[in-house]
Amino acid sequence: MRLRCLCLVAIVGMAALTSSARAEDPPNVAAKQVAGLFVQSCIQFAGDKEGLRSWAKKTGLKELPVGVQDKFLYGLPGVVFDASNKVGKFVLVSEDGGSCSVIAEMANGPVVITDLEQALSDAKIAFKVTAEKSDAKEAVLKHREYQASQGEREWLLLVSTVKDPIGGQAMLTANRY
């Protein structure tokens with residue numbers, strides 16, 4: 001998925017903000033929400049598509065129209081849910097093979113990483129970064145891979161974010177192994 005980057009013009013306005021105001025910036029709030037949604041959904045249900053889909057429906061998430069789902073599934077079978085709220089646009093992707101992803105339209109990439117790692121720690125999930133690299137085709141993208149575990153459960157995680165702290169799309173994916 002191609003992630004987009006915002007113009008750097010907005011950096012000028014952000015430089016004057018205090019640190020407390022930064023914490024409330026929409027891309028920072030969205031980062032916390034995408035990390036939280038990822039832990040509640042993908043970490044909890046990776047490898048369990050029926051459990052994930054049941055949870056999504058009980059939570060009140062609605063399936064996107066089939067044509068829109070196709071844009072997130074890239075030809076793979078699965079279901080995509082709209083998890084948007086007043087903070088921003090979010091989707092939950094449940095592939096039939098068990099892979100699970102959460103995508104935020106606009107989130108602060110570095111804060112996504114920080115908030116995800118804090119959420120994993122809070123949930124007592126052990127993790128280690130196994131790779132971190134810039135995207136070969138999209139220089140503004142950064143990919144961070146993790147191995148995570150809790151008891152007998154183990155996950156492979158991939159977090160793709162825009163490097164620019166102003167924000168951009170973020171995609172967090174979990175697979176059980």
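Contact between Cys42 and Ser101 at its shortest, heavy atoms only, is SG-N, 3.5 Å. The nearest pair of heavy atoms linking Thr161 to Gly109 is CB-CA, 3.6 Å. Taking all atoms of both residues into account, the shortest heavy-atom contact from Asp96 to Gly78 is OD1-CA, 3.4 Å.
Residues Arg53 and Glu63 are not paired through a salt bridge, judged by the lack of any N-O separation under 4.0 Å between the basic side chain and the carboxylate. Classification of Glu117 and Arg144 as a salt-bridged pair holds, one side-chain N sitting under 4.0 Å from a carboxylate O. A salt bridge links Glu132 and Lys142; the closest N-O separation between the charged side-chain nitrogens and carboxylate oxygens is under 4.0 Å.
Taking CG of Asn175 as the start and SG of Cys100 as the end, the distance is 9.0 Å to the nearest 0.5 Å. The line from CZ of Phe127 to CD of Gln147 is 13.0 Å long, rounded to the nearest 0.5 Å. Here Glu152 contributes atom CD and Glu154 contributes atom CD; the two are 8.0 Å apart, rounded to the nearest 0.5 Å. One finds the CG atom of Asp82 at 10.5 Å from the CG atom of Leu92 (value rounded to the nearest 0.5 Å). Leu158 CG to Thr173 OG1: the interatomic distance, rounded to the nearest 0.5 Å, is 5.5 Å. Note that the CD atom of Glu138 and the NZ atom of Lys163 stand 11.0 Å from one another [nearest 0.5 Å].
In this structure the side chain of Lys124 reaches within 4.5 angstrom of the side chain of Gln150, judged on heavy atoms. For the pair Val68 and Val80, the minimum side-chain heavy-atom distance is 4.5 Å or more. Taking 4.5 Å as the limit, some side-chain heavy atom of Trp155 sits within range of a side-chain heavy atom of Ile43. With contacts defined as side-chain heavy-atom distances shorter than 4.5 Å, the pair Leu172/Ser160 does not qualify. Pro27 places none of its side-chain heavy atoms less than 4.5 Å from the side chain of Val111. A 4.5 Å side-chain heavy-atom check between Tyr146 and Val159 finds at least one atom pair inside the cut-off. Side-chain contact between Phe90 and Asn85 is present, with heavy atoms from C-beta onward closer than 4.5 Å. Proximity of Val162 to Leu141: side-chain heavy atoms (C-beta onward) are separated by under 4.5 Å at one or more points.
At distances below 3.5 Å, at least one donor-acceptor pair connects side-chain atoms of Arg153 with backbone N or O atoms of Gln44. Put simply, the side chain of Ser41 gets close to the backbone of Leu37: a donor and an acceptor are under 3.5 Å apart. Asn108 places no side-chain N or O within donor-acceptor distance of the main-chain N or O of Asn28, the cut-off being under 3.5 Å. With Gln69 contributing its side chain and Leu64 its backbone, the two residues share a donor-acceptor pair below 3.5 Å.
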**Q.** Check against side-chain contact (heavy atoms from CB on, under 4.5 Å), Lys89 and Val91
**A.** CA-CA 7 Å; Lys89 292 184 179 185; Val91 296; over 6 Å; no

(Q) Would Leu73 and Val93 count as a side-chain contact (heavy atoms from CB on, under 4.5 Å) here? Give the steps. (A) CA-CA 8 Å; Leu73 291 167; Val93 180; 3.7 Å; yes

Q | Derivation of the side-chain contact (heavy atoms from CB on, under 4.5 Å) call for Lys57 and Lys62 | A | CA-CA 7 Å; Lys57 290 174 183 172; Lys62 304 289 185 209; over 6 Å; no

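The aromatic rings of Trp55 and Phe45 are tilted relative to each other, their planes meeting at an angle between 30° and 60°.
Taking hydrophobic clusters as Ile, Leu, Val, Met, Phe, Trp and Tyr residues chained together by side-chain heavy-atom distances below 4.5 Å, Val29 shares a cluster with Val39. Val102 and Val87 fall within the same hydrophobic cluster, where Ile, Leu, Val, Met, Phe, Trp and Tyr residues are linked whenever their side-chain heavy atoms come under 4.5 Å apart, directly or through other members. If you chain together hydrophobic residues whose side chains sit under 4.5 Å apart, Ile113 and Val129 fall into the same group.
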